[in-house]
Protein chains: 2
Amino acid sequence: MKTPNRRFKDEIYDQFSRIGKAVSSPKRLELLDILCQGERTVEILANETCLTIANTSQHLQVLKNSRLVEQEKKGLYVVYRPAPMVCQFLLSLRKVAENRIAEIEQIKNRFLEGKKGMEPIALDALIDRIQKQEVILLDVRPEEEFRAGHIIGALSVPLKELEFMLTKLPKDKEIVAYCRGPYCVLSVDAVLLLNEKGYHAVRLEEGVQDWHARGLSLASGQSPS
Amino acid sequence: MKTPNRRFKDEIYDQFSRIGKAVSSPKRLELLDILCQGERTVEILANETCLTIANTSQHLQVLKNSRLVEQEKKGLYVVYRPAPMVCQFLLSLRKVAENRIAEIEQIKNRFLEGKKGMEPIALDALIDRIQKQEVILLDVRPEEEFRAGHIIGALSVPLKELEFMLTKLPKDKEIVAYCRGPYCVLSVDAVLLLNEKGYHAVRLEEGVQDWHARGLSLASGQSPS
DNA sequence: ATATTATTCAAGCAATTAGTTGAATACTAA
DNA sequence: TTAGTATTCAACTAATTGCTTGAATAATAT
């Protein structure tokens with residue numbers, strides 16, 4: 001191959017690989033996943049990922065240099081946000097990974113094994129039962145995420161507040177809890193707590209993003225409580 | 001965050017990052033791109049990428065371990081092929097990169113600058129003109145790739161044979177050459193050669209994959225020459 | 001068998017990367 | 001101005017990666 005052509009290809013693939021490098025670190029993938037739930041400050045991201053602040057900041061610089069996140073200074077804080085198309089790309093990566101890497105299913109099963117209420121739920125049946133008010137649908141993510149978009153008919157009960165809201169929930173009705181998606185464990189903890197306290201709770205594996213990706217509509221704003 | 005949950009997340013993101021690591025190397029991206037045109041042996045891949053055989057083999061092992069390629073022993077050769085969904089994922093990565101990384105456009109422009117016939121072509125107008133036989137559409141990829149799928153109405157004239165086929169082409173009709181896509185240079189070289197010899201040739205940037213991704217149909221099998 | 005060919009393996013080097021720590025910077029509030 | 005807070009930078013270490021070289025393996029042909 002002629003050398004100017006080779007040079008061109010090398011330069012082009014070097015650029016493409018910037019995206020690949022950005023998503024080659026598990027911690028950066030986790031950061032991106034969180035950012036796809038809504039913008040965050042460095043400190044919050046550090047907390048959620050169990051990284052030091054400096055380390056988080058460095059990962060964010062890497063993501064910024066590969067143009068996968070944007071930053072904005074808001075007063076004392078720096079707020080990061082995913083760039084357009086990034087969340088979609090991440091979904092595509094996740095889909096390939098789930099499809100190709102058998103270990104993912106294994107890890108999930110090992111984690112959920114022995115826990116009650118973790119069986120997958122059929123979506124269409126669920127939609128039906130929500131409308132008929134046969135079940136109570138709980139969104140156990142932090143309230144701001146609920147406000148940014150949630151499944152129609154869901155109640156916002158952040159995991160942290162669930163303990164104190166127990167009295168308001170009926171023991172005779174089935175409770176379905178959901179959060180960010182299959183790899184978010186907020187709903188797992190919620191279901192465990194509820195079942196322990198004598199409620200009948202199950203987990204909806206799909207999160208808002210998956211819900212939306214299936215063409216199902218979301219609501220946003222305050223919960224009509 | 002509770003440690004079993006943290007452990008779960010770390011394990012899950014470790015698995016996701018296997019896909020990211022696989023596409024974090026420019027050479028592996030190039031290998032995958034080539035494989036998405038059809039299966040190849042190690043030697044051919046090494047030739048096309050200007051890598052040593054051993055190095056190519058190692059990259060392929062990495063891709064195999066992240067489940068992005070599959071291999072099959074055929075006699076003396078080992079044939080590699082992309083796993084299902086991989087080509088689609090690659091398209092998604094390319095799309096993000098093109099959209100977010102301005103350098104890509106710059107590199108492309110710098111490479112094409114000063115070369116005749118490289119201006120982008122409007123697709124719908126082209127389709128029309130092909131049907132009316134106002135232009136001749138050349139597929140300048142190796143013949144086996146043409147056979148695997150090509151744009152309807154195209155003639156298979158691999159770049160290597162173009163030189164010896166010149167006499168069969170009319171000088172008064174516009175010639176449109178295409179190959180694998182925006183970053184494949186076969187059609188660039190074809191157009192340069194044709195224009196040098198007095199033909200009126202332009203390059204179609206889109207390749208078969210892009211063509212297909214836009215919902216336009218392809219033909220396969222022999223050229224009706 | 002023996003030779004040949006395509007591919008993989010193993011060892012080693014240079015370059016890169018993830019993470020830590022402590023200092024520097026940038027903004028806000030008193 | 002000063003003090004306090006959020007973030008980034010700089011220097012360093014340990015681990016990983018990309019690539020090379022030469023040997024080992026596996027299938028085929030003589």
Side-chain angles (χ1 to χ4, degrees), chain A residues 6 9-11 13-35 39-66 68-81, chain B residues 6-7 9-35 39-66 68-81:
Chain A
R6 180 74 283 177
K9 288 210 176 178
D10 283 346
E11 286 179 32
Y13 283 107
D14 273 351
Q15 295 301 324
F16 284 158
S17 75
R18 289 171 69 181
I19 305 294
K21 287 198 173 73
V23 294
S24 70
S25 143
K27 290 302 185 181
R28 282 198 291 270
L29 282 170
E30 194 177 352
L31 288 168
L32 284 173
D33 253 4
I34 297 169
L35 287 175
E39 53 177 44
R40 298 286 143 98
T41 66
V42 179
E43 195 184 7
I44 291 177
L45 288 167
N47 273 331
E48 291 221 38
T49 51
C50 298
L51 295 174
T52 63
I53 304 253
N55 195 7
T56 306
S57 174
Q58 280 184 124
H59 277 305
L60 289 168
Q61 299 305 311
V62 175
L63 290 173
K64 196 181 74 177
N65 288 331
S66 56
L68 291 190
V69 303
E70 295 166 352
Q71 66 180 169
E72 187 190 344
K73 184 117 204 185
K74 282 193 182 175
L76 202 49
Y77 299 84
V78 178
V79 168
Y80 283 85
R81 201 196 339 279
Chain B
R6 179 77 281 179
R7 253 188 75 80
K9 288 209 174 180
D10 284 348
E11 286 179 32
I12 284 290
Y13 282 107
D14 273 353
Q15 295 302 322
F16 284 158
S17 75
R18 290 171 68 180
I19 305 294
K21 285 197 172 73
V23 294
S24 69
S25 143
K27 290 302 184 183
R28 281 197 291 270
L29 281 171
E30 194 177 351
L31 288 168
L32 284 174
D33 254 4
I34 297 169
L35 287 175
E39 53 177 46
R40 299 285 144 97
T41 66
V42 179
E43 195 183 7
I44 290 177
L45 288 168
N47 273 331
E48 291 221 38
T49 52
C50 297
L51 294 174
T52 64
I53 304 252
N55 196 6
T56 306
S57 173
Q58 279 185 119
H59 277 305
L60 289 168
Q61 299 305 312
V62 174
L63 290 173
K64 195 181 74 177
N65 287 332
S66 55
L68 292 190
V69 303
E70 295 165 353
Q71 66 180 170
E72 187 192 342
K73 184 117 202 183
K74 282 192 181 174
L76 201 48
Y77 298 84
V78 177
V79 167
Y80 282 85
R81 170 191 22 265

A.B. asks: From CG of B:L31 over to P of D:dG18, roughly how many Å is that when rounded to an integer?
C.D. replies: 12 Å
A.B. asks: Is it true that a side-chain atom of B:R40 and a backbone atom of B:L31 form a donor plus acceptor pair closer than 3.5 Å?
C.D. replies: no
A.B. asks: Let me know the distance between CG of B:N65 and P of D:dT17, rounded to the nearest Å.
C.D. replies: 11 Å
A.B. asks: Provide the closest heavy-atom pair for B:S17 versus A:S24 in the form atom of the first, atom of the second, distance.
C.D. replies: CB-O, 3.7 Å
A.B. asks: Could you check which of C:dA26, C:dT7, D:dA10 has an atom nearest any side-chain atom of B:E43?
C.D. replies: C:dT7
A.B. asks: Does a side-chain N or O from B:T52 land closer than 4.0 Å to OP1 or OP2 of D:dT20, or not?
C.D. replies: yes
A.B. asks: Between D:dT8, D:dA27, C:dG19, which nucleotide has the shortest distance from any of its atoms to the side chain of A:H59?
C.D. replies: C:dG19
A.B. asks: Name the closest nucleotide to the A:I53 side chain, picking from C:dT7, D:dT20, D:dT7.
C.D. replies: D:dT7
A.B. asks: Without decimals, in angstroms, what is the distance between B:L51 CG and C:dT8 P?
C.D. replies: 14 Å
A.B. asks: Kindly point out which of C:dA18, C:dT8, D:dT8 is positioned nearest to the side chain of B:V42?
C.D. replies: C:dT8
A.B. asks: For a quick test of reading the model: is some side-chain N or O of A:Y80 closer than 4.0 Å to OP1 or OP2 of D:dA6?
C.D. replies: no
A.B. asks: Can you find a side chain N or O atom of B:Y77 that sits less than 4.0 Å from OP1 or OP2 on C:dT8?
C.D. replies: no
A.B. asks: Using a 4.5 Å cut-off on heavy atoms from C-beta on, say whether the side chain of B:L45 contacts that of B:L35.
C.D. replies: yes
A.B. asks: Please pick, from D:dT8, C:dC27, D:dA26, the nucleotide with the shortest atom-to-atom distance to any side-chain atom of B:K73.
C.D. replies: D:dA26
A.B. asks: Can you tell me the distance, in whole Å, between the NZ atom of A:K21 and the C1' atom of C:dA18?
C.D. replies: 15 Å
A.B. asks: For B:K64 and for B:Q58, find the nucleotide of DNA chain C with the closest heavy atom, then tell me which residue's nucleotide is more 5'.
C.D. replies: B:K64
A.B. asks: Would you say B:Y80 and B:L63 make side-chain contact, with heavy atoms under 4.5 Å?
C.D. replies: no
A.B. asks: How is B:Q61 classified with respect to the nucleic acid when contacts are heavy atoms under 4.0 Å: base, sugar-phosphate, or nothing?
C.D. replies: sugar-phosphate
A.B. asks: Please determine if A:E30 and B:R6 form a salt bridge, counting it only when a charged side-chain N lies under 4.0 Å from a carboxylate O.
C.D. replies: yes
A.B. asks: Pick the nucleotide of DNA chain C nearest each of B:A54 and A:S24; which residue has the one closer to the 5' end?
C.D. replies: B:A54
A.B. asks: Between atom CD in A:Q71 and atom C1' in D:dA6, what is the gap in whole Å?
C.D. replies: 13 Å
A.B. asks: Tell me: CG of B:L63 to P of D:dT17, nearest whole Å?
C.D. replies: 14 Å
A.B. asks: Need one value for A:T41: base, sugar-phosphate or nothing, where a base atom within 4.0 Å counts as base even if backbone is also close, heavy atoms only.
C.D. replies: sugar-phosphate
A.B. asks: From D:dG18, D:dT8, C:dA11, pick the nucleotide closest to the side chain of B:S25?
C.D. replies: D:dG18
A.B. asks: Whole angstroms only, please: what is the CZ-P distance between B:R28 and D:dT16?
C.D. replies: 15 Å
A.B. asks: Give A:T56 one of three labels, base, sugar-phosphate or nothing, depending on what nucleic acid heavy atoms sit under 4.0 Å from its own.
C.D. replies: nothing
A.B. asks: Figure out the CD1/P separation between B:I44 and C:dA6, and round it to whole Å.
C.D. replies: 11 Å
A.B. asks: Which listed nucleotide (D:dC19, D:dG18, D:dT7) is nearest to the side chain of A:V78?
C.D. replies: D:dT7
A.B. asks: Which nucleotide sits closest to the side chain of B:K27: C:dT7, D:dC19, C:dA18?
C.D. replies: D:dC19
A.B. asks: Nearest 0.5 Å, what's the CD-CD distance between A:E70 and A:E72?
C.D. replies: 9.5 Å
A.B. asks: I want to check one thing: is the phosphate of D:dC19, taken as OP1 and OP2, less than 4.0 Å away from some side-chain N or O of B:N55?
C.D. replies: yes
